[in-house]
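For reference, the structure discussed in these notes is given below.
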2 protein chains.
Amino acid sequence: MVPVLSLKFPMKTKVIIIDDHSLFNDGMSLILKESGLFEVIEQIYDSRQAQTKCFSLKPDLIVMDYNMPYLDGLEVVRQLNTSGNDTKIVIVSMYADKKEIELFKKEGVGAYITKTTPATQLIETLKKVMEGEKLFESKNKAKIIIEKDNFALKHQLTKREMEVLRLIKQEETTEKIAETLNLSFYTVETHRKNINHKLKFKTKKEFYAFLETLEE
Amino acid sequence: MVPVLSLKFPMKTKVIIIDDHSLFNDGMSLILKESGLFEVIEQIYDSRQAQTKCFSLKPDLIVMDYNMPYLDGLEVVRQLNTSGNDTKIVIVSMYADKKEIELFKKEGVGAYITKTTPATQLIETLKKVMEGEKLFESKNKAKIIIEKDNFALKHQLTKREMEVLRLIKQEETTEKIAETLNLSFYTVETHRKNINHKLKFKTKKEFYAFLETLEE
DNA sequence: AAAAAAATACCTGCTAACAGGTATTTTTTT
DNA sequence: AAAAAAATACCTGTTAGCAGGTATTTTTTT
């Protein structure tokens with residue numbers, strides 16, 4: 001007796017992967033295929049193609065990077081505007097930035113996970129999202145704090161200096177940082193000055209590249 | 001007649017992958033396995049374990065990320081000090097920073113590629129490295145130039161504007177750019193202004209992230 | 001030859017960042 | 001309790017970037 005098709009070949013979830021890092025994109029594709037649950041119907045390396053391709057291919061699930069040139073993950077999500085259909089979106093990011101996560105939540109995406117997630121856990125997350133669950137990383141705070149402290153130690157930055165640095169990363173001006181921390185403008189300037197003296201970056205590029213490596 | 005073992009099961013290259021991003025690490029592992037040429041004997045997610053594990057497992061090849069917490073790729077390379085044995089090292093980085101590449105060259109690593117490399121090309125690179133070749137991203141300028149031109153078209157940037165943009169990336173001030181291009185300070189400012197109007201970045205972070213995607 | 005696009009140049013005024021100070025208070029360590 | 005480290009605050013002056021203009025010349029396209 002031959003089993004019915006639907007049992008032997010259960011419907012696989014149709015996935016589109018969007019990531020400019022080809023290696024990651026290709027690796028992700030293999031991870032999903034290997035699970036046996038997903039069928040990667042398209043790999044997009046340039047987020048500007050997302051809208052057209054997603055419209056024509058109608059995937060069940062989109063697994064997308066956050067940091068991409070031209071159009072970042074958030075912009076793509078807004079462009080896709082999946083509110084009409086039931087395409088699920090999962091964001092895979094390098095960072096667990098609270099504010100960013102909030103923005104994605106508001107856009108109604110299914111999950112936000114970091115690239116430090118193991119493959120097995122990713123599959124679990126995707127399964128849950130396909131079942132309608134919403135998952136947002138917030139628990140692995142401990143790890144991030146350890147990394148941060150380690151960094152602070154390395155560069156002899158104080159707690160307050162690290163706080164200021166994080167706010168600088170979040171595009172805050174000295175004035176706004178002062179407001180946020182309830183400090184005088186001058187105090188924040190002093191902290192900035194001391195940070196600069198300790199880190200001694202030669203160029204702004206270097207500084208901004210460094211900021212990228214900071215969590216939160 | 002049974003073929004000799006070495007033909008049916010040619011010796012696979014023993015690889016250790018070092019990357020704190022589990023998803024990338026796991027994906028890379030699948031890419032290497034799928035090629036049939038490599039055997040992933042260990043996946044390291046915390047670079048601080050690299051020294052001990054590489055010493056005991058003696059891999060033929062190490063595929064390693066550059067940006068990692070605690071110990072970055074360069075520090076690990078220096079720690080491993082593979083000059084004594086013939087373990088090859090390939091660095092996979094997010095950025096193609098010339099200065100960084102130079103540092104790795106000096107340390108004698110086999111290749112430095114970016115995460116935008118497709119999986120097929122990665123395998124080719126690894127094969128070549130195992131044959132003793134050294135590969136450092138710089139020749140695939142053609143591709144990058146095409147991307148750039150494409151980019152210029154999409155954003156309607158003129159040739160001159162692209163030239164100015166490249167110099168901005170190189171940390172030049174408006175004044176120096178003017179000198180370099182033999183233009184008036186005001187002219188360069190006008191170009192900058194027009195670039196800004198065309199690209200309309202919301203934040204400096206965005207702008208610097210974008211600059212990273214541009215090649216010299 | 002005319003029109004459009006690109007490149008050139010100048011001017012004003014504002015703002016944020018930053019360098020180089022000084023100085024007091026609070027917290028932590030010895 | 002004393003010393004050291006961290007956090008607080010203020011002041012001056014410079015500079016680069018940028019927004020908002022105007023305007024001429026050169027090159028390219030139609």
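Computation of the quantities below employed the complete heavy-atom set of this structure, encompassing side-chain atoms and omitting hydrogens, waters and symmetry-equivalent molecules. Just so it is clear, the structure is predicted and the values come from calculations on it, not from any experiment.
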DNA chain C in dot-bracket form (Watson-Crick or G-U pairs under 3.5 Å, [ ] crossing, | inter-strand) is ||||||||||||||||||||||||||||||

Within residues 189-196 of chain A, residues whose heavy atoms come under 4.0 Å of DNA chain D = A:Thr190, A:His191

N/O donor-acceptor pair under 3.5 Å between A:Asp60 side chain and A:Thr87 backbone | no

Output yes when B:Glu131 and B:Lys128 qualify as a salt bridge under the 4.0 Å nitrogen-oxygen rule, no when they do not.
-> no

Got a sec: does the NZ of A:Lys58 have more than 12 other heavy atoms crowding it under 6.0 Å?
-> yes

Strictly by modelled atom types, are A:Tyr45 and A:Asp26 linked by a side-chain donor-acceptor pair under 3.5 Å?
-> yes

5'-most to 3'-most nt of DNA chain D touching chain B (<4.0 Å, heavy-atom partner on protein side) reads D:dA16 to D:dG21

A:Thr180 side chain to A:Lys176 backbone, donor-acceptor under 3.5 Å | yes

Using the closest heavy atom to pick a nucleotide of DNA chain C for each, name whichever of A:His197 or A:Thr174 lands nearer the 5' end.
-> A:Thr174

Atom CD of B:Glu175 with >12 non-hydrogen neighbours under 6.0 angstrom = no

What integer distance in Å separates A:Leu167:CG from C:dA17:C1'?
-> 17 Å

Should A:Glu189 and A:Arg192 count as an ion pair when the cut-off is N to O under 4.0 Å?
-> no

Has A:Glu39 got more than 12 heavy atoms of other residues, nucleotides or ligands less than 6.0 Å from its CD?
-> yes

A:Lys105 to A:Tyr112, cation-pi by 6.0 Å centre distance and 45° axis angle | no

Let me know, please, whether A:Glu175 or B:Phe185 comes out on the 5' side of the other along DNA chain C by nearest nucleotide.
-> B:Phe185

When we call it a touch if two heavy atoms are under 4.0 Å apart, what does B:Thr187 touch: a base, just sugar-phosphate, or nothing?
-> base

Electrostatic pair A:Asp65-A:Lys115, nearest N-O below 4.0 angstrom = yes

